[in-house]
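This report concerns only the one structure given below.
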Amino acid sequence: PQNHPSLLIPVYENEEQKISAMPDFRHSLFWNPEVKANSYTFYTSDLTGNYDVILKGFDKQGKEVLWTCSFVVE
């Protein structure tokens, strides 16, 4: 088994943090090696462009799961 990568995810708990002038230029926006819910929330990068969401893993029966979608940050 591989170690899980360390990925810092910013938390914007209040209005001051949400309007912070500190830019967020992450390329990996969310990482969770143990998906156990039907939906997740994450903040986008401040870099404009096209982003791909890739869900890859195995279901309870051992079948491979691959799901993708894209979104744009303007």
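All residue numbers in this chain count up from 1 along the given sequence. Note: hydrogens, waters and symmetry copies are ignored here, and every other heavy atom, side chains too, is used.
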Review point. Under a 4.5 Å cut-off applied to non-hydrogen side-chain atoms, are Tyr51 and Val72 in contact?
Key: no
Check your understanding: Which residues pass the side chain to side chain donor-acceptor pair (under 3.5 Å) test with Ser70, sequence neighbours left out?
Key -> Asp52
Review point. For Asn14, which residues count as a side chain to side chain contact (heavy atoms under 4.5 Å, CB included) partner, sequence neighbours excluded?
Key: Glu16, Gln17
Compile the donor-acceptor pairs under 3.5 Å between side chains in residues 55-68 and protein atoms, sequence neighbours left out, one pair per line.
from, atom 1, to, atom 2, distance (Å)
Asp59, OD1, Gln61, N, 2.9
Asp59, OD1, Gly62, N, 3.0
Asp59, OD1, Lys63, N, 2.8

**Study point:** Hydrophobic cluster identity match, Leu47 and Phe71, side-chain contacts under 4.5 Å
**Key:** yes
